[in-house]
Every structure is written in structure tokens, then in C-alpha cells.
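Remarks on the structure that follows.
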Amino acid sequence: MLMPAVPTFPSRLFARLPSAPPSLAFSLSANHLLWPALQTLDWEPLVGRHYAIRVKDLGLSLCFTVGPRGFVPDNGIPDLTISATARDFLLLLARREDPDTLFFSRRLVSEGDTELGLIVKNLLDALDPDAVLSRVPAPLARAARRLMTG
């Protein structure tokens with residue numbers, strides 16, 4: 001089952017938002033969901049670098065840095081920018097699509113520091129989805145698990 005494309009209305013709405021509110025929401029969510037799992041890995045190379053995640057079909061940019069206590073919204077020039085559609089990001093999160101496949105088919109674009117991009121990819125690959133999902137409310141975790149199993 002393919003995931004549907006994002007409807008036009010939310011895309012127009014997100015494209016008009018300044019980057020600060022979505023970046024703050026992303027950072028708060030990432031601190032709750034990802035930070036505890038990342039701390040079990042070698043996350044030190046991420047600290048002090050600037051990142052942007054661009055959701056192309058939504059016109060949404062999430063800009064942040066990683067500090068010693070987690071994710072922080074940021075407006076600096078990104079060292080690494082990762083761009084894809086919302087559908088492709090969801091496929092990656094659900095582990096239904098491999099980042100290398102998306103990269104080589106040009107559906108996932110990485111710009112900036114290539115070495116940093118590989119570090120991020122390897123850290124995300126090393127994350128235990130169950131450790132992340134354990135921090136999500138039960139109904140959302142069940143939905144995410146269904147999505148991951150296809």
C-alpha cells in the first residue's frame with residue numbers, strides 16, 4: 001500500500017509559516033523521542049553543527065542544532081541539509097525504504113558536509129525503533145508499528 005501524497009491545503013499553509021515555530025516543535029519532539037535513544041550512541045560528532053530538514057512538498061524547513069542537552073531550534077547556515085517529500089520521510093521513518101535507495105533515485109537529497117551526512121545516517125540506522133516508540137503514546141506507537149510492518 002502506497003502512502004498518499006500530501007493534500008494541497010496543508011502544503012500552502014506550511015509554506016507560509018516562518019521556520020521558527022516548526023523548528024521549535026521539531027526540537028521539542030526530537031528531544032522527547034530521539035534524544036534518550038541517541039545518548040546510548042556516539043552522538044558527540046553532531047554537537048554544534050547546524051542542520052536543516054526540508055520537506056519539499058510541504059514547503060517546510062526545520063532548522064536546528066544539537067547541543068550537549070539535545071536538539072535546539074537554530075537559524076544558522078546549515079552544515080547539512082536533507083530534503084525529501086513528506087511521503088519519503090515517512091517511508092524512511094517506517095523503515096519501509098532504504099535511505100541509499102532514495103538517495104540514488106534522487107528522492108532524498110543531502111547537501112553540505114558529506115561526512116556529517118554519513119554520521120547522521122549511521123546514527124539513525126543504529127537507533128532502536130522500539131526504544132523510540134516506547135516514548136510515544138500507545139495509540140500512536142501501535143499505528144507506527146503497523147506502518148513499519150507494512
Side-chain angles (χ1 to χ4, degrees), residues 2-8 10-133 135-136 140 143-145 147-148 150:
L2 288 176
M3 291 179 200
V6 175
T8 308
S11 302
R12 289 192 311 254
L13 177 67
F14 287 133
R16 292 188 174 145
L17 286 175
S19 67
S23 296
L24 175 61
F26 170 81
S27 295
L28 292 171
S29 298
N31 283 331
H32 178 72
L33 298 173
L34 296 176
W35 190 244
L38 275 175
Q39 288 182 313
T40 65
L41 305 171
D42 181 18
W43 55 271
E44 295 289 332
L46 304 179
V47 173
R49 307 298 297 270
H50 303 275
Y51 304 89
I53 296 174
R54 293 211 169 93
V55 186
K56 296 187 291 191
D57 54 340
L58 292 181
L60 184 63
S61 289
L62 307 169
C63 302
F64 59 96
T65 190
V66 176
R69 291 193 220 133
F71 295 83
V72 180
D74 181 67
N75 60 3
I77 296 170
D79 296 303
L80 177 65
T81 300
I82 300 172
S83 305
T85 64
R87 179 180 180 275
D88 286 334
F89 277 125
L90 286 172
L91 288 170
L92 282 171
L93 289 171
R95 296 189 182 223
R96 292 182 56 200
E97 194 70 71
D98 178 64
D100 293 328
T101 301
L102 291 178
F103 178 80
F104 288 113
S105 66
R106 293 189 160 99
R107 291 168 48 197
L108 178 72
V109 177
S110 176
E111 300 170 284
D113 187 328
T114 307
E115 183 179 344
L116 181 60
L118 287 172
I119 291 168
V120 169
K121 178 195 173 296
N122 291 335
L123 280 172
L124 291 174
D125 284 346
L127 283 178
D128 176 12
D130 289 326
V132 174
L133 289 176
R135 304 189 58 79
V136 175
L140 290 176
R145 283 187 180 94
L147 180 66
M148 291 169 129

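Residue numbers start at 1 and run along the sequence shown.
A side-chain contact (heavy atoms from CB on, under 4.5 Å) with Arg49 is found for one member of Leu80, Asp113, Asp74, Val120 and no other, namely Asp113. The one candidate from Thr101, Leu124, Leu102 that meets the side-chain contact (heavy atoms from CB on, under 4.5 Å) condition with Leu92 is Leu102. Just one residue in the list Pro73, Pro22, Ser27 forms a side-chain contact (heavy atoms from CB on, under 4.5 Å) with Leu62, and that residue is Pro22.
The neighbour count for Gln39 CD, taken as heavy atoms of other residues, nucleotides or ligands under 6.0 Å away, is above 12.
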| query | Where do Asp88 and Leu108 land on the side-chain contact (heavy atoms from CB on, under 4.5 Å) test, with the steps shown first? | reply | CA-CA 8 Å; Asp88 286 334; Leu108 178 72; over 6 Å; no

| task | Might you work through the side-chain contact (heavy atoms from CB on, under 4.5 Å) test for Lys121 and Asp100, ending with a clear yes or no? | result | CA-CA 9 Å; Lys121 178 195 173 296; Asp100 293 328; 3.2 Å; yes

| query | Run the side-chain contact (heavy atoms from CB on, under 4.5 Å) check on Trp43 and Trp35 step by step: do they pass? | reply | CA-CA 9 Å; Trp43 55 271; Trp35 190 244; 3.4 Å; yes

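Here the shortest heavy-atom pairing between Asn31 and Arg69 reads OD1-O, 4.3 Å. The two residues Leu116 and Pro45 have their closest heavy-atom pair at CD1-O, 4.1 Å. Taking both residues in full, the closest heavy atoms of Val66 and Leu46 are given as CB-O, 3.7 Å, listed atom of the first, atom of the second, then distance. Shown here for Arg107 and Leu91, the closest heavy-atom pair between the two residues is NH2-CD1, 3.9 Å. Of all heavy-atom pairs between Ser23 and Cys63, the closest is OG-N, 2.8 Å. The two residues Asp125 and Pro99 make their nearest non-hydrogen contact at OD1-CG, 4.3 Å.
Note: Leu90 CG to Thr85 OG1 = 8.5 Å, rounded to the nearest 0.5 Å. The OH atom of Tyr51 sits 6.5 Å away from atom OG1 of Thr65, with the distance rounded to the nearest 0.5 Å. Atoms CG and OG, on Leu24 and Ser29 in that order, are 9.0 Å from each other to the nearest 0.5 Å. Phe89 contributes atom CZ, which lies 6.5 Å from atom CD1 of Ile82 (distance to the nearest 0.5 angstrom).
Taking the six-membered ring where the residue is Trp, Phe64 and Phe26 present tilted rings, their angle falling between 30° and 60°.
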